[in-house]
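Numbering of residues begins at 1 and proceeds along the displayed sequence. For ligands, and for the atoms within them, numbers begin at 1 and follow the listed sequence.
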Amino acid sequence: MSKEHAKRSRALSYWLRHAPEKGGLTLDAAGWAPVAGVLAALAREGLETSEVLLRAVVEENGKRRFELSPVGERIRARQGHSVAVAGSWEAATPPPVLYHGTVERFLEAIGREGLTKQQRHHVHLSADIETAGKVGARRGEAVILTVDAAAMVADGHAFALSSNGVWLTDHVPPQYLARAPQS
Ligand code: HQG
């Protein structure tokens with residue numbers, strides 16, 4: 001392994017397991033970071049970098065420390081985190097109704113496009129109204145939306161449950177959304 005290669009591998013371990021912020025990265029609940037962000041971080045360290053080189057680091061790593069997502073747009077450490085990575089999440093069937101807390105000013109766009117991922121890897125949904133209320137209240141007066149998860153499942157949308165209890169999906173089209181009655 002070349003010296004540069006070893007440096008890349010060490011930097012990846014550090015960012016993906018211990019200090020994502022030092023690489024300007026945010027890990028999702030399962031520890032994934034965007035490959036584009038990792039490449040930019042390696043470049044900032046002055047290391048020659050490309051997707052091919054990154055793949056080589058992943059494949060040549062003796063302990064299989066890292067893995068690329070199937071499409072190759074995300075990378076994570078398989079284990080060994082000191083940061084609070086919630087752990088793996090698994091495909092699961094949600095309860096028939098899920099909740100999303102947001103604020104009034106987003107409702108028009110949400111009505112048009114549905115719930116979209118924004119900066120995250122998934123849309124985050126809650127199984128209980130209280131949690132959704134807290135999530136919405138981070139931005140102002142919370143507005144709670146109900147998500148017809150049963151209909152989404154029937155229509156083939158995939159859900160996953162993070163080990164910290166957050167329901168994840170890729171997109172909630174507007175037809176599955178309704179405003180929860182005011183409590
Ligand atoms: C809104 C925290 C316009 C969405 C919490 C939300 C949660 C849209 C914001 C977790 C939209 C995204 C997730 C659209 C969605 N147009 N706005 N089409 N679709 N929005 O923070 O769900 O501290 O990315 O309503 O506890 O608020 O990160 O998602 O207001 O569990 O661990 O765009 O974040 O956990 O905001 O919160 P976020 P979220 P952590």
Side-chain angles (χ1 to χ4, degrees), residues 14-38 40-41 67 69 71 73-153 155-183:
Y14 182 51
W15 296 327
L16 298 179
R17 289 171 154 179
H18 307 299
E21 73 286 355
K22 292 278 164 57
L25 301 167
T26 304
L27 306 187
D28 76 2
W32 294 104
V35 162
V38 170
E67 68 179 317
S69 60
V71 189
E73 90 286 18
R74 296 179 298 161
I75 184 170
R76 71 175 171 186
R78 288 180 192 272
Q79 81 307 296
H81 301 85
S82 62
V83 287
V85 162
S88 59
W89 41 266
E90 290 180 16
T93 303
V97 177
L98 290 170
Y99 301 93
H100 179 83
T102 188
V103 284
E104 191 79 38
R105 66 182 185 275
F106 295 150
L107 290 184
E108 194 198 313
I110 291 172
R112 230 176 19 242
E113 315 167 343
L115 294 172
T116 55
K117 300 175 196 182
Q118 308 296 317
Q119 309 306 314
R120 297 184 192 263
H121 294 290
H122 298 94
V123 173
H124 289 225
L125 303 170
S126 310
D128 65 284
I129 215 160
E130 291 76 19
T131 306
K134 284 183 197 151
V135 172
R138 295 176 305 151
R139 299 201 154 78
E141 195 180 332
V143 172
I144 314 278
L145 302 176
T146 60
V147 175
D148 189 347
M152 285 184 69
V153 169
D155 293 343
H157 290 267
F159 286 84
L161 178 60
S162 78
S163 57
N164 60 346
V166 178
W167 285 93
L168 307 168
T169 194
D170 282 338
H171 175 215
V172 181
Q175 67 267 29
Y176 302 108
L177 292 166
R179 201 168 166 154
Q182 300 282 345
S183 51

Inset, instruction - Taking only Lys NZ, Arg NE, NH1 and NH2, and the carboxylate oxygens of Asp or Glu, determine whether Glu108 and Arg112 approach each other closer than 4.0 Å. - result: yes

Legend entry - Heavy atoms from other residues, nucleotides or ligands near CD of Glu21 exceed 12 (cutoff 6.0 Å): yes

Legend entry - Residue part near ligand 1, for Val135, under 4.0 Å between non-hydrogen atoms: side chain

Legend entry - His100 to ligand 1, any heavy atom closer than 4.0 Å: yes

Show which atoms of ligand 1 fall inside a sub-4.0 Å distance from at least one heavy-atom site of [X].
{"X": "Ala109", "result": "3 (C), 16 (N), 18 (N)"}
{"X": "Thr102", "result": "4 (C), 25 (O), 30 (O)"}
{"X": "Glu113", "result": "14 (C), 16 (N), 18 (N)"}
{"X": "Phe106", "result": "1 (C), 17 (N), 30 (O)"}

Legend entry - Heteroatom proximity flag, Gly114 to ligand 1, N/O under 3.5 Å: yes

Inset, instruction - Would you tell me which option among Arg105, Arg138, Glu108 has the nearest heavy-atom contact to atom 39 (P) of ligand 1? - result: Arg138

For [X] versus [Y], what's the shortest heavy-atom pair and its separation?
{"X": "His171", "Y": "Leu115", "result": "CD2-O, 3.0 Å"}
{"X": "Pro94", "Y": "Val153", "result": "CD-CG2, 3.6 Å"}
{"X": "Trp15", "Y": "Leu27", "result": "O-CD1, 4.4 Å"}

Legend entry - Arg139 side chain vs Gly136 backbone, donor-acceptor pair below 3.5 Å: no

